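Single-structure report; data block below.
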2 protein chains.
Amino acid sequence: MSETTTGAVTGDMANQYERISADLRRQIDSGELTEGDRLPAETALAEHYSVSVPTVRQGVGVLQSEGLLEKQHGRGTFVRRKPTPAVRSNLRHQWEKDRAREPESERLKTGATEHDTGLTVDDLIFDAKYEQVPASPDLAAAFKLPEGTMLLKRTYKTRHSNERAPFNISRSYLPLELVEANPDLLREELEPWPGGTQNQLFTLGIELDRIVETFRARPPMDNEAIALGLPVGVSVVILRKTSIDTTDRVVEISDVVLPGDRTEIVYTTKLDRW
Amino acid sequence: MSETTTGAVTGDMANQYERISADLRRQIDSGELTEGDRLPAETALAEHYSVSVPTVRQGVGVLQSEGLLEKQHGRGTFVRRKPTPAVRSNLRHQWEKDRAREPESERLKTGATEHDTGLTVDDLIFDAKYEQVPASPDLAAAFKLPEGTMLLKRTYKTRHSNERAPFNISRSYLPLELVEANPDLLREELEPWPGGTQNQLFTLGIELDRIVETFRARPPMDNEAIALGLPVGVSVVILRKTSIDTTDRVVEISDVVLPGDRTEIVYTTKLDRW
DNA sequence: GAGTGGTCTAGACCACTGT
DNA sequence: CAGTGGTCTAGACCACTCC
(Lines give C-alpha, C1' and ligand atoms only; values in the text may rest on other atoms or scores of the structure.)
Protein backbone atom coordinates (compact mmCIF):
# COMPACT_ATOMS: atom_id res chain seq x y z
CA MET A 1 0.00 0.00 0.00
CA SER A 2 2.07 2.95 -1.14
CA GLU A 3 -0.08 5.47 -2.96
CA THR A 4 -3.60 5.20 -4.34
CA THR A 5 -5.34 8.39 -5.21
CA THR A 6 -8.38 9.72 -7.10
CA GLY A 7 -10.58 10.28 -4.08
CA ALA A 8 -8.10 10.76 -1.26
CA VAL A 9 -10.14 8.71 1.17
CA THR A 10 -9.12 7.14 4.47
CA GLY A 11 -8.23 3.51 5.16
CA ASP A 12 -6.30 0.88 3.24
CA MET A 13 -8.12 0.98 -0.11
CA ALA A 14 -7.09 -2.52 -1.02
CA ASN A 15 -9.62 -2.85 -3.82
CA GLN A 16 -10.71 -0.83 -6.77
CA TYR A 17 -14.39 -1.20 -5.99
CA GLU A 18 -13.85 -0.06 -2.41
CA ARG A 19 -11.96 2.92 -3.67
CA ILE A 20 -14.97 3.78 -5.83
CA SER A 21 -17.61 3.22 -3.16
CA ALA A 22 -15.56 5.18 -0.62
CA ASP A 23 -15.16 8.07 -3.03
CA LEU A 24 -18.85 8.16 -3.92
CA ARG A 25 -19.79 7.92 -0.25
CA ARG A 26 -17.53 10.83 0.50
CA GLN A 27 -19.19 12.86 -2.25
CA ILE A 28 -22.60 12.13 -0.77
CA ASP A 29 -21.52 12.89 2.79
CA SER A 30 -19.85 16.12 1.77
CA GLY A 31 -22.85 17.30 -0.22
CA GLU A 32 -21.11 17.28 -3.61
CA LEU A 33 -23.88 14.86 -4.49
CA THR A 34 -27.23 15.43 -2.86
CA GLU A 35 -30.59 13.71 -2.70
CA GLY A 36 -32.06 13.02 -6.10
CA ASP A 37 -28.87 13.73 -8.06
CA ARG A 38 -28.06 11.42 -10.91
CA LEU A 39 -24.62 9.85 -11.08
CA PRO A 40 -22.63 9.75 -14.31
CA ALA A 41 -23.31 6.68 -16.43
CA GLU A 42 -21.45 3.52 -15.50
CA THR A 43 -19.28 3.74 -18.60
CA ALA A 44 -18.32 7.30 -17.66
CA LEU A 45 -17.49 6.26 -14.10
CA ALA A 46 -15.44 3.36 -15.40
CA GLU A 47 -13.38 5.73 -17.48
CA HIS A 48 -13.06 8.24 -14.64
CA TYR A 49 -11.79 5.65 -12.18
CA SER A 50 -9.84 3.74 -14.85
CA VAL A 51 -11.57 0.43 -14.21
CA SER A 52 -13.95 -1.82 -16.08
CA VAL A 53 -17.71 -1.38 -15.95
CA PRO A 54 -18.36 -4.47 -13.78
CA THR A 55 -15.99 -3.05 -11.19
CA VAL A 56 -17.92 0.21 -11.12
CA ARG A 57 -21.09 -1.80 -10.73
CA GLN A 58 -19.59 -3.59 -7.75
CA GLY A 59 -18.64 -0.34 -6.10
CA VAL A 60 -22.07 1.16 -6.71
CA GLY A 61 -23.60 -2.06 -5.37
CA VAL A 62 -22.00 -1.45 -1.98
CA LEU A 63 -23.71 1.91 -1.58
CA GLN A 64 -26.91 0.51 -2.98
CA SER A 65 -27.01 -2.12 -0.24
CA GLU A 66 -26.42 0.63 2.30
CA GLY A 67 -29.47 2.42 0.98
CA LEU A 68 -27.49 5.45 -0.24
CA LEU A 69 -27.94 4.92 -3.97
CA GLU A 70 -30.83 3.67 -6.03
CA LYS A 71 -30.61 2.36 -9.57
CA GLN A 72 -33.38 2.83 -12.08
CA HIS A 73 -33.19 0.75 -15.18
CA GLY A 74 -32.90 2.88 -18.28
CA ARG A 75 -32.77 6.14 -16.31
CA GLY A 76 -29.66 6.14 -14.22
CA THR A 77 -28.29 5.81 -10.72
CA PHE A 78 -29.56 8.32 -8.16
CA VAL A 79 -28.71 9.47 -4.68
CA ARG A 80 -31.53 8.11 -2.59
CA ARG A 81 -33.87 10.39 -0.69
CA LYS A 82 -33.99 9.75 3.02
CA PRO A 83 -37.57 8.67 3.56
CA THR A 84 -39.59 10.46 6.21
CA PRO A 85 -40.59 7.72 8.58
CA ALA A 86 -44.06 7.01 9.85
CA VAL A 87 -44.08 6.93 13.61
CA ARG A 88 -45.99 4.20 15.34
CA SER A 89 -46.48 4.57 19.06
CA ASN A 90 -48.05 2.31 21.63
CA LEU A 91 -49.93 5.31 22.96
CA ARG A 92 -52.19 4.80 19.92
CA HIS A 93 -53.73 1.78 21.63
CA GLN A 94 -55.07 3.72 24.58
CA TRP A 95 -56.12 6.53 22.25
CA GLU A 96 -58.02 4.05 20.09
CA LYS A 97 -59.61 2.45 23.11
CA ASP A 98 -60.82 5.79 24.45
CA ARG A 99 -62.32 6.59 21.08
CA ALA A 100 -64.01 3.22 20.57
CA ARG A 101 -67.11 4.17 22.56
CA GLU A 102 -67.61 7.60 21.05
CA PRO A 103 -70.37 8.39 18.53
CA GLU A 104 -69.67 7.77 14.85
CA SER A 105 -69.51 11.48 14.10
CA GLU A 106 -66.47 11.70 16.37
CA ARG A 107 -64.87 8.48 15.18
CA LEU A 108 -65.15 9.54 11.54
CA LYS A 109 -62.82 12.46 12.04
CA THR A 110 -59.54 10.60 11.89
CA GLY A 111 -58.18 7.08 12.09
CA ALA A 112 -55.22 5.55 13.82
CA THR A 113 -53.01 5.72 10.75
CA GLU A 114 -53.62 9.41 10.34
CA HIS A 115 -52.97 9.78 14.06
CA ASP A 116 -49.57 8.15 13.58
CA THR A 117 -48.47 9.80 10.39
CA GLY A 118 -50.04 13.23 10.75
CA LEU A 119 -51.68 12.87 7.35
CA THR A 120 -55.32 13.55 6.63
CA VAL A 121 -57.85 11.01 5.43
CA ASP A 122 -57.72 12.41 1.91
CA ASP A 123 -54.01 11.65 1.54
CA LEU A 124 -54.49 7.97 2.20
CA ILE A 125 -55.70 5.23 -0.06
CA PHE A 126 -57.00 2.23 1.68
CA ASP A 127 -57.53 -1.26 0.31
CA ALA A 128 -59.25 -4.05 2.22
CA LYS A 129 -59.95 -7.68 1.40
CA TYR A 130 -61.89 -10.14 3.57
CA GLU A 131 -61.59 -13.91 3.54
CA GLN A 132 -62.53 -16.79 5.79
CA VAL A 133 -59.65 -19.15 6.42
CA PRO A 134 -58.88 -22.06 8.75
CA ALA A 135 -56.29 -21.33 11.44
CA SER A 136 -52.74 -22.42 10.59
CA PRO A 137 -50.78 -24.16 13.37
CA ASP A 138 -48.97 -20.92 14.08
CA LEU A 139 -52.15 -18.86 14.38
CA ALA A 140 -54.03 -21.58 16.25
CA ALA A 141 -51.29 -21.63 18.86
CA ALA A 142 -51.34 -17.86 19.15
CA PHE A 143 -55.13 -17.83 19.59
CA LYS A 144 -55.02 -20.89 21.85
CA LEU A 145 -57.72 -22.40 19.63
CA PRO A 146 -57.78 -25.76 17.81
CA GLU A 147 -55.99 -25.89 14.49
CA GLY A 148 -58.40 -25.32 11.63
CA THR A 149 -60.79 -23.10 13.59
CA MET A 150 -62.31 -20.68 11.11
CA LEU A 151 -60.93 -17.16 11.19
CA LEU A 152 -61.89 -13.95 9.47
CA LYS A 153 -58.78 -12.80 7.65
CA ARG A 154 -58.64 -9.16 6.64
CA THR A 155 -55.86 -7.88 4.41
CA TYR A 156 -55.19 -4.16 4.35
CA LYS A 157 -52.90 -2.05 2.25
CA THR A 158 -52.42 1.63 2.92
CA ARG A 159 -50.55 4.03 0.71
CA HIS A 160 -50.20 7.72 0.06
CA SER A 161 -52.36 9.00 -2.75
CA ASN A 162 -49.30 10.26 -4.61
CA GLU A 163 -47.05 7.22 -4.18
CA ARG A 164 -47.25 3.85 -5.78
CA ALA A 165 -45.79 1.78 -2.97
CA PRO A 166 -47.95 1.14 0.09
CA PHE A 167 -46.26 1.92 3.37
CA ASN A 168 -47.72 -1.07 5.04
CA ILE A 169 -49.41 -4.35 4.39
CA SER A 170 -51.33 -5.80 7.27
CA ARG A 171 -53.21 -9.00 7.88
CA SER A 172 -55.69 -9.14 10.73
CA TYR A 173 -57.29 -12.32 12.07
CA LEU A 174 -60.40 -12.62 14.24
CA PRO A 175 -62.11 -15.85 15.31
CA LEU A 176 -65.11 -16.11 12.98
CA GLU A 177 -67.37 -17.26 15.80
CA LEU A 178 -66.67 -14.02 17.59
CA VAL A 179 -67.60 -11.66 14.76
CA GLU A 180 -70.71 -13.46 13.52
CA ALA A 181 -72.68 -11.73 16.26
CA ASN A 182 -72.48 -8.57 14.13
CA PRO A 183 -72.88 -9.40 10.41
CA ASP A 184 -71.71 -5.93 9.43
CA LEU A 185 -68.22 -6.96 10.46
CA LEU A 186 -68.11 -9.49 7.60
CA ARG A 187 -68.74 -6.86 4.93
CA GLU A 188 -65.47 -5.57 3.49
CA GLU A 189 -67.28 -2.77 1.66
CA LEU A 190 -67.80 -1.06 5.01
CA GLU A 191 -64.04 -0.45 5.31
CA PRO A 192 -62.45 1.71 6.44
CA TRP A 193 -64.48 1.23 9.60
CA PRO A 194 -64.59 4.43 11.62
CA GLY A 195 -62.99 3.83 14.98
CA GLY A 196 -61.02 0.79 13.87
CA THR A 197 -60.91 -2.67 15.30
CA GLN A 198 -61.43 -1.63 18.90
CA ASN A 199 -64.78 -0.10 17.94
CA GLN A 200 -65.69 -3.23 15.98
CA LEU A 201 -64.93 -5.30 19.07
CA PHE A 202 -66.95 -2.87 21.18
CA THR A 203 -70.04 -3.64 19.05
CA LEU A 204 -69.50 -7.26 20.09
CA GLY A 205 -69.30 -6.34 23.76
CA ILE A 206 -65.56 -6.96 23.93
CA GLU A 207 -63.21 -4.75 25.95
CA LEU A 208 -59.44 -5.05 25.57
CA ASP A 209 -57.23 -5.44 28.61
CA ARG A 210 -53.81 -5.31 26.98
CA ILE A 211 -51.95 -5.52 23.71
CA VAL A 212 -48.75 -7.49 23.23
CA GLU A 213 -46.60 -6.62 20.27
CA THR A 214 -43.57 -8.53 19.09
CA PHE A 215 -41.39 -7.40 16.31
CA ARG A 216 -38.32 -8.33 14.35
CA ALA A 217 -36.42 -7.15 11.32
CA ARG A 218 -35.46 -9.45 8.49
CA PRO A 219 -34.55 -9.17 4.82
CA PRO A 220 -37.65 -8.91 2.65
CA MET A 221 -38.83 -11.83 0.60
CA ASP A 222 -38.97 -11.08 -3.12
CA ASN A 223 -42.69 -10.35 -3.22
CA GLU A 224 -42.50 -8.10 -0.17
CA ALA A 225 -39.66 -6.10 -1.68
CA ILE A 226 -41.77 -5.55 -4.79
CA ALA A 227 -45.03 -4.86 -2.94
CA LEU A 228 -43.43 -2.28 -0.67
CA GLY A 229 -41.17 -0.87 -3.37
CA LEU A 230 -38.08 -1.53 -1.30
CA PRO A 231 -34.62 -0.98 -2.74
CA VAL A 232 -31.92 -3.56 -2.22
CA GLY A 233 -30.56 -3.75 1.31
CA VAL A 234 -33.54 -2.44 3.22
CA SER A 235 -35.15 -4.79 5.69
CA VAL A 236 -38.78 -5.21 6.57
CA VAL A 237 -40.03 -4.91 10.11
CA ILE A 238 -42.49 -7.62 11.08
CA LEU A 239 -44.88 -6.68 13.82
CA ARG A 240 -47.37 -9.05 15.39
CA LYS A 241 -50.01 -7.42 17.55
CA THR A 242 -51.99 -9.67 19.87
CA SER A 243 -55.08 -8.15 21.48
CA ILE A 244 -56.25 -9.71 24.72
CA ASP A 245 -59.61 -8.93 26.26
CA THR A 246 -60.59 -8.52 29.89
CA THR A 247 -61.35 -12.25 30.15
CA ASP A 248 -57.79 -13.09 29.03
CA ARG A 249 -58.96 -14.29 25.64
CA VAL A 250 -56.97 -13.58 22.48
CA VAL A 251 -59.49 -11.75 20.30
CA GLU A 252 -57.39 -10.42 17.44
CA ILE A 253 -54.02 -11.03 15.90
CA SER A 254 -52.62 -8.62 13.39
CA ASP A 255 -49.43 -9.11 11.37
CA VAL A 256 -47.99 -6.02 9.79
CA VAL A 257 -45.10 -5.84 7.35
CA LEU A 258 -43.49 -2.41 7.41
CA PRO A 259 -40.64 -1.01 5.35
CA GLY A 260 -37.74 -0.87 7.78
CA ASP A 261 -36.41 2.46 6.58
CA ARG A 262 -39.74 4.30 6.72
CA THR A 263 -40.89 3.16 10.11
CA GLU A 264 -40.11 4.37 13.56
CA ILE A 265 -41.67 2.68 16.52
CA VAL A 266 -42.03 4.39 19.89
CA TYR A 267 -42.93 2.59 23.09
CA THR A 268 -43.47 4.10 26.46
CA THR A 269 -43.28 1.91 29.55
CA LYS A 270 -44.73 3.40 32.70
CA LEU A 271 -43.09 2.04 35.87
CA ASP A 272 -44.71 1.44 39.25
CA ARG A 273 -43.55 3.74 42.05
CA TRP A 274 -41.40 2.46 44.88
CA MET B 1 -41.30 -18.18 -22.28
CA SER B 2 -41.76 -21.73 -23.55
CA GLU B 3 -39.68 -24.24 -21.58
CA THR B 4 -36.78 -23.82 -19.19
CA THR B 5 -35.90 -26.73 -16.99
CA THR B 6 -33.21 -28.00 -14.56
CA GLY B 7 -35.00 -27.17 -11.37
CA ALA B 8 -38.65 -27.24 -12.41
CA VAL B 9 -39.51 -24.12 -10.44
CA THR B 10 -42.52 -21.87 -10.71
CA GLY B 11 -42.76 -18.49 -12.39
CA ASP B 12 -41.32 -17.04 -15.59
CA MET B 13 -37.62 -17.82 -15.13
CA ALA B 14 -36.49 -15.10 -17.47
CA ASN B 15 -32.90 -15.14 -16.28
CA GLN B 16 -30.25 -17.72 -15.66
CA TYR B 17 -29.35 -16.37 -12.25
CA GLU B 18 -32.96 -16.39 -11.14
CA ARG B 19 -33.27 -19.95 -12.30
CA ILE B 20 -30.30 -20.79 -10.09
CA SER B 21 -31.43 -18.86 -7.03
CA ALA B 22 -34.94 -20.29 -7.35
CA ASP B 23 -33.59 -23.81 -7.60
CA LEU B 24 -31.30 -23.41 -4.61
CA ARG B 25 -34.08 -21.81 -2.62
CA ARG B 26 -36.32 -24.75 -3.42
CA GLN B 27 -33.60 -27.15 -2.24
CA ILE B 28 -33.35 -25.29 1.04
CA ASP B 29 -37.10 -25.08 1.55
CA SER B 30 -37.59 -28.74 0.75
CA GLY B 31 -34.84 -29.84 3.10
CA GLU B 32 -32.55 -31.23 0.41
CA LEU B 33 -30.10 -28.72 1.78
CA THR B 34 -30.28 -28.03 5.49
CA GLU B 35 -28.65 -25.66 7.95
CA GLY B 36 -24.89 -25.81 7.88
CA ASP B 37 -24.63 -27.77 4.63
CA ARG B 38 -21.96 -26.70 2.21
CA LEU B 39 -22.91 -26.04 -1.39
CA PRO B 40 -20.84 -27.39 -4.28
CA ALA B 41 -18.05 -25.09 -5.38
CA GLU B 42 -18.98 -22.26 -7.70
CA THR B 43 -17.17 -23.93 -10.60
CA ALA B 44 -19.16 -27.11 -9.99
CA LEU B 45 -22.45 -25.19 -9.83
CA ALA B 46 -21.53 -23.35 -13.04
CA GLU B 47 -21.05 -26.65 -14.80
CA HIS B 48 -24.21 -28.14 -13.32
CA TYR B 49 -26.36 -25.23 -14.43
CA SER B 50 -24.42 -24.73 -17.70
CA VAL B 51 -23.57 -21.10 -16.98
CA SER B 52 -20.45 -19.11 -16.22
CA VAL B 53 -19.10 -18.67 -12.72
CA PRO B 54 -20.10 -14.99 -12.40
CA THR B 55 -23.68 -15.98 -13.18
CA VAL B 56 -23.62 -18.56 -10.41
CA ARG B 57 -22.23 -15.92 -8.10
CA GLN B 58 -25.10 -13.63 -9.00
CA GLY B 59 -27.65 -16.31 -8.25
CA VAL B 60 -26.01 -17.16 -4.95
CA GLY B 61 -25.89 -13.45 -4.15
CA VAL B 62 -29.67 -13.26 -4.23
CA LEU B 63 -30.02 -15.88 -1.50
CA GLN B 64 -27.15 -14.32 0.40
CA SER B 65 -29.00 -11.02 0.56
CA GLU B 66 -32.06 -12.88 1.80
CA GLY B 67 -29.99 -14.32 4.61
CA LEU B 68 -30.38 -17.91 3.41
CA LEU B 69 -26.78 -18.52 2.37
CA GLU B 70 -23.50 -17.41 3.85
CA LYS B 71 -20.18 -17.36 2.02
CA GLN B 72 -16.92 -18.01 3.79
CA HIS B 73 -13.80 -17.12 1.91
CA GLY B 74 -11.63 -20.14 1.29
CA ARG B 75 -14.10 -22.55 2.88
CA GLY B 76 -17.25 -22.55 0.82
CA THR B 77 -20.86 -21.41 0.69
CA PHE B 78 -23.10 -22.65 3.47
CA VAL B 79 -26.78 -22.79 4.25
CA ARG B 80 -27.15 -20.29 7.03
CA ARG B 81 -28.36 -21.32 10.45
CA LYS B 82 -31.48 -19.55 11.57
CA PRO B 83 -30.19 -17.58 14.52
CA THR B 84 -31.97 -18.06 17.81
CA PRO B 85 -33.14 -14.59 18.63
CA ALA B 86 -32.58 -12.82 21.90
CA VAL B 87 -35.90 -11.61 23.20
CA ARG B 88 -36.06 -8.15 24.65
CA SER B 89 -39.21 -7.30 26.52
CA ASN B 90 -40.33 -4.08 28.14
CA LEU B 91 -41.30 -6.10 31.20
CA ARG B 92 -37.55 -6.10 31.92
CA HIS B 93 -37.77 -2.47 32.97
CA GLN B 94 -40.18 -3.10 35.81
CA TRP B 95 -38.22 -6.22 36.75
CA GLU B 96 -35.02 -4.19 36.88
CA LYS B 97 -36.68 -1.45 38.89
CA ASP B 98 -37.99 -3.90 41.47
CA ARG B 99 -34.54 -5.37 41.83
CA ALA B 100 -32.70 -2.07 42.09
CA ARG B 101 -33.30 -1.73 45.82
CA GLU B 102 -32.44 -5.30 46.77
CA PRO B 103 -29.20 -6.27 48.54
CA GLU B 104 -26.14 -6.93 46.41
CA SER B 105 -26.26 -10.67 47.12
CA GLU B 106 -29.61 -10.80 45.33
CA ARG B 107 -28.60 -8.46 42.51
CA LEU B 108 -25.50 -10.52 41.76
CA LYS B 109 -27.51 -13.55 40.78
CA THR B 110 -28.45 -12.48 37.30
CA GLY B 111 -28.51 -9.41 35.08
CA ALA B 112 -31.02 -8.08 32.63
CA THR B 113 -29.29 -9.61 29.63
CA GLU B 114 -29.39 -13.04 31.17
CA HIS B 115 -33.01 -12.37 32.05
CA ASP B 116 -33.74 -11.69 28.38
CA THR B 117 -31.73 -14.43 26.79
CA GLY B 118 -32.05 -17.18 29.35
CA LEU B 119 -28.29 -17.58 29.48
CA THR B 120 -26.22 -17.71 32.64
CA VAL B 121 -23.59 -15.19 33.66
CA ASP B 122 -20.81 -17.58 32.70
CA ASP B 123 -21.91 -17.72 29.07
CA LEU B 124 -21.56 -14.00 28.59
CA ILE B 125 -18.51 -11.91 28.01
CA PHE B 126 -18.88 -8.32 28.86
CA ASP B 127 -16.75 -5.41 27.75
CA ALA B 128 -17.15 -1.86 29.08
CA LYS B 129 -15.39 1.39 28.25
CA TYR B 130 -15.99 4.74 30.00
CA GLU B 131 -15.34 8.18 28.54
CA GLN B 132 -16.36 11.73 29.30
CA VAL B 133 -17.69 13.55 26.25
CA PRO B 134 -19.51 16.80 25.51
CA ALA B 135 -23.13 16.43 24.43
CA SER B 136 -23.68 16.46 20.66
CA PRO B 137 -26.61 18.53 19.39
CA ASP B 138 -28.66 15.38 19.05
CA LEU B 139 -27.97 14.21 22.60
CA ALA B 140 -28.28 17.68 24.10
CA ALA B 141 -31.75 17.97 22.60
CA ALA B 142 -32.74 14.56 23.90
CA PHE B 143 -31.51 15.43 27.42
CA LYS B 144 -32.94 18.94 27.19
CA LEU B 145 -29.53 20.23 28.30
CA PRO B 146 -27.24 22.81 26.66
CA GLU B 147 -25.04 21.56 23.85
CA GLY B 148 -21.59 20.64 25.13
CA THR B 149 -22.74 19.65 28.62
CA MET B 150 -20.37 16.94 29.81
CA LEU B 151 -21.73 13.40 29.72
CA LEU B 152 -20.43 10.09 30.94
CA LYS B 153 -20.39 7.84 27.89
CA ARG B 154 -20.28 4.14 28.54
CA THR B 155 -19.76 1.68 25.68
CA TYR B 156 -20.74 -1.93 26.23
CA LYS B 157 -20.29 -5.01 24.12
CA THR B 158 -21.82 -8.30 25.08
CA ARG B 159 -21.15 -11.60 23.39
CA HIS B 160 -21.45 -15.30 24.00
CA SER B 161 -18.30 -16.92 25.29
CA ASN B 162 -18.21 -19.29 22.32
CA GLU B 163 -18.96 -16.79 19.57
CA ARG B 164 -16.79 -14.09 18.13
CA ALA B 165 -19.47 -11.60 17.20
CA PRO B 166 -21.14 -9.64 20.00
CA PHE B 167 -24.92 -9.69 19.90
CA ASN B 168 -25.15 -6.11 20.87
CA ILE B 169 -23.21 -2.91 21.11
CA SER B 170 -24.64 -0.30 23.39
CA ARG B 171 -23.73 3.26 24.26
CA SER B 172 -25.16 4.76 27.42
CA TYR B 173 -25.03 8.45 28.33
CA LEU B 174 -25.56 10.02 31.75
CA PRO B 175 -25.12 13.69 32.64
CA LEU B 176 -21.73 13.83 34.37
CA GLU B 177 -23.01 16.21 37.00
CA LEU B 178 -25.53 13.60 38.05
CA VAL B 179 -23.10 10.73 38.58
CA GLU B 180 -20.33 12.64 40.30
CA ALA B 181 -22.23 12.25 43.56
CA ASN B 182 -21.06 8.63 43.60
CA PRO B 183 -17.44 8.34 42.36
CA ASP B 184 -17.76 4.56 42.03
CA LEU B 185 -19.97 5.15 39.02
CA LEU B 186 -16.99 6.59 37.13
CA ARG B 187 -14.89 3.46 37.51
CA GLU B 188 -15.27 1.18 34.53
CA GLU B 189 -13.44 -1.63 36.30
CA LEU B 190 -16.50 -2.10 38.51
CA GLU B 191 -18.52 -3.33 35.50
CA PRO B 192 -20.61 -5.33 35.18
CA TRP B 193 -22.43 -3.48 37.93
CA PRO B 194 -24.80 -5.82 39.76
CA GLY B 195 -28.33 -4.56 39.36
CA GLY B 196 -27.60 -2.47 36.29
CA THR B 197 -28.23 1.17 35.65
CA GLN B 198 -31.37 1.41 37.71
CA ASN B 199 -29.40 0.37 40.79
CA GLN B 200 -26.68 2.87 39.92
CA LEU B 201 -29.31 5.58 39.73
CA PHE B 202 -30.80 4.36 43.01
CA THR B 203 -27.44 5.04 44.72
CA LEU B 204 -27.87 8.63 43.51
CA GLY B 205 -31.38 8.85 44.94
CA ILE B 206 -33.01 8.74 41.51
CA GLU B 207 -36.21 6.83 40.83
CA LEU B 208 -37.45 6.23 37.30
CA ASP B 209 -40.99 7.08 36.31
CA ARG B 210 -41.06 5.78 32.73
CA ILE B 211 -38.93 4.60 29.87
CA VAL B 212 -39.47 5.66 26.27
CA GLU B 213 -37.96 3.50 23.58
CA THR B 214 -37.77 4.31 19.89
CA PHE B 215 -36.81 1.73 17.43
CA ARG B 216 -35.93 1.58 13.74
CA ALA B 217 -34.26 -0.74 11.26
CA ARG B 218 -31.71 0.34 8.67
CA PRO B 219 -28.90 -1.24 6.67
CA PRO B 220 -25.72 -1.53 8.71
CA MET B 221 -22.80 0.77 8.16
CA ASP B 222 -19.62 -1.06 7.20
CA ASN B 223 -18.10 -1.03 10.67
CA GLU B 224 -21.33 -2.22 12.27
CA ALA B 225 -21.61 -5.11 9.85
CA ILE B 226 -18.10 -6.16 10.78
CA ALA B 227 -18.47 -5.57 14.51
CA LEU B 228 -21.67 -7.59 14.72
CA GLY B 229 -20.55 -10.20 12.21
CA LEU B 230 -23.56 -9.56 10.02
CA PRO B 231 -23.88 -11.24 6.65
CA VAL B 232 -24.93 -9.21 3.64
CA GLY B 233 -28.55 -8.17 3.61
CA VAL B 234 -29.27 -8.21 7.31
CA SER B 235 -30.30 -4.92 8.87
CA VAL B 236 -29.43 -3.53 12.22
CA VAL B 237 -32.06 -2.49 14.67
CA ILE B 238 -31.41 0.82 16.37
CA LEU B 239 -33.01 1.24 19.75
CA ARG B 240 -32.84 4.43 21.79
CA LYS B 241 -33.95 4.09 25.37
CA THR B 242 -34.70 7.30 27.26
CA SER B 243 -35.10 6.99 31.03
CA ILE B 244 -37.14 9.67 32.74
CA ASP B 245 -37.23 10.08 36.49
CA THR B 246 -40.07 11.02 38.79
CA THR B 247 -39.24 14.73 38.41
CA ASP B 248 -39.62 14.46 34.61
CA ARG B 249 -35.89 14.78 34.05
CA VAL B 250 -34.11 12.73 31.37
CA VAL B 251 -31.45 10.88 33.38
CA GLU B 252 -30.10 8.34 30.93
CA ILE B 253 -30.06 7.76 27.21
CA SER B 254 -28.92 4.49 25.81
CA ASP B 255 -28.41 3.68 22.13
CA VAL B 256 -28.26 0.03 21.27
CA VAL B 257 -27.34 -1.47 17.92
CA LEU B 258 -28.77 -4.95 17.58
CA PRO B 259 -28.43 -7.47 14.76
CA GLY B 260 -31.85 -7.43 13.12
CA ASP B 261 -32.02 -11.14 12.55
CA ARG B 262 -31.13 -12.14 16.09
CA THR B 263 -33.39 -9.81 17.97
CA GLU B 264 -37.02 -10.07 18.88
CA ILE B 265 -38.65 -7.29 20.79
CA VAL B 266 -41.80 -7.76 22.83
CA TYR B 267 -43.85 -4.91 24.21
CA THR B 268 -46.90 -5.19 26.36
CA THR B 269 -49.26 -2.24 26.60
CA LYS B 270 -51.71 -2.38 29.48
CA LEU B 271 -54.93 -0.46 28.75
CA ASP B 272 -57.08 1.44 31.21
CA ARG B 273 -60.51 -0.04 31.90
CA TRP B 274 -63.66 1.57 30.63
C1' DG C 1 -32.84 6.17 -31.78
C1' DA C 2 -29.67 7.45 -28.18
C1' DG C 3 -28.52 6.52 -23.63
C1' DT C 4 -29.10 4.09 -19.60
C1' DG C 5 -28.65 -0.03 -16.53
C1' DG C 6 -29.26 -5.57 -16.66
C1' DT C 7 -27.51 -10.03 -17.97
C1' DC C 8 -23.88 -13.02 -19.36
C1' DT C 9 -19.43 -14.95 -21.04
C1' DA C 10 -14.64 -16.87 -20.55
C1' DG C 11 -11.21 -16.24 -18.94
C1' DA C 12 -6.91 -14.29 -15.34
C1' DC C 13 -4.94 -13.78 -10.99
C1' DC C 14 -5.24 -13.03 -5.82
C1' DA C 15 -6.43 -14.26 -0.84
C1' DC C 16 -7.97 -17.32 2.44
C1' DT C 17 -8.64 -22.07 4.56
C1' DG C 18 -7.54 -26.45 5.23
C1' DT C 19 -4.22 -30.57 4.97
C1' DC D 1 -0.33 -27.64 -1.60
C1' DA D 2 -5.11 -28.07 -3.33
C1' DG D 3 -9.51 -26.08 -3.14
C1' DT D 4 -12.33 -22.43 -2.09
C1' DG D 5 -14.34 -17.79 -2.82
C1' DG D 6 -12.82 -12.58 -4.10
C1' DT D 7 -11.44 -9.26 -7.51
C1' DC D 8 -11.09 -7.73 -12.17
C1' DT D 9 -11.04 -7.43 -17.27
C1' DA D 10 -13.04 -6.55 -21.97
C1' DG D 11 -16.00 -7.33 -24.26
C1' DA D 12 -21.38 -8.87 -26.21
C1' DC D 13 -26.16 -8.33 -26.35
C1' DC D 14 -30.76 -7.26 -24.10
C1' DA D 15 -34.41 -4.27 -21.74
C1' DC D 16 -35.99 -0.07 -20.29
C1' DT D 17 -36.72 5.14 -20.51
C1' DC D 18 -37.13 9.23 -22.80
C1' DC D 19 -37.10 12.23 -26.67
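Residue numbers begin at 1 in each chain, while the letters A, B, ... track the order of the sequences. None of these values were measured; they are calculated from a predicted model.
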Item to check | ring pair (Phe, Tyr, Trp, His ring centres under 6.0 Å) between B:Tyr267 and B:Phe215, worked out | outcome: CA-CA 12 Å; B:Tyr267 280 88; B:Phe215 175 124; 7.3 Å; no
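Backbone-only contact: B:Val51 has heavy atoms under 4.0 Å from sugar-phosphate atoms and none from a base.
Checking side-chain atoms of A:Thr263 against main-chain N and O of A:Gly260 turns up no donor-acceptor pair under 3.5 Å.
The distance between atom CD of A:Glu47 and atom C1' of D:dT9, rounded to the nearest whole Å, is 16 Å. A straight line from OH of B:Tyr49 to C1' of C:dC8 spans 17 Å, rounded to a whole angstrom. In this structure, the CG atom of B:Asp37 is 17 Å from the C1' atom of D:dT4, given to the nearest Å.
OP1 or OP2 of C:dT9 sits under 4.0 Å from a side-chain N or O of B:Thr55.
A salt bridge is absent between B:Arg26 and B:Asp29; no separation between the charged side-chain nitrogens and carboxylate oxygens falls under 4.0 Å. Note on A:Glu70 versus A:Arg81: no salt bridge recorded, every NZ/NE/NH1/NH2 to OD/OE distance being 4.0 Å or above.
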Give every pair of a protein N or O atom and an N or O atom of nucleotides 1-6 of chain C that lie under 3.5 Å apart, one pair per line with the distance.
residue, atom, partner, partner atom, Å
C:dG3, N2, A:Gly74, O, 3.1
C:dG5, OP1, A:Thr77, OG1, 3.4
C:dG5, OP2, A:Glu42, N, 2.9
C:dG5, N2, A:His73, NE2, 3.2
C:dG5, N3, A:His73, NE2, 3.2
C:dG6, OP2, A:Arg57, NH1, 3.1
C:dG6, OP2, A:Arg57, NH2, 3.1
C:dG6, OP2, A:Lys71, NZ, 3.3

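Two residues are said to be in side-chain contact when any heavy atoms from C-beta on lie closer than 4.5 Å; B:Ile238 and B:Val257 meet this criterion.
Within 6.0 Å of CD on A:Gln72 lie more than 12 heavy atoms contributed by other residues, nucleotides or ligands.
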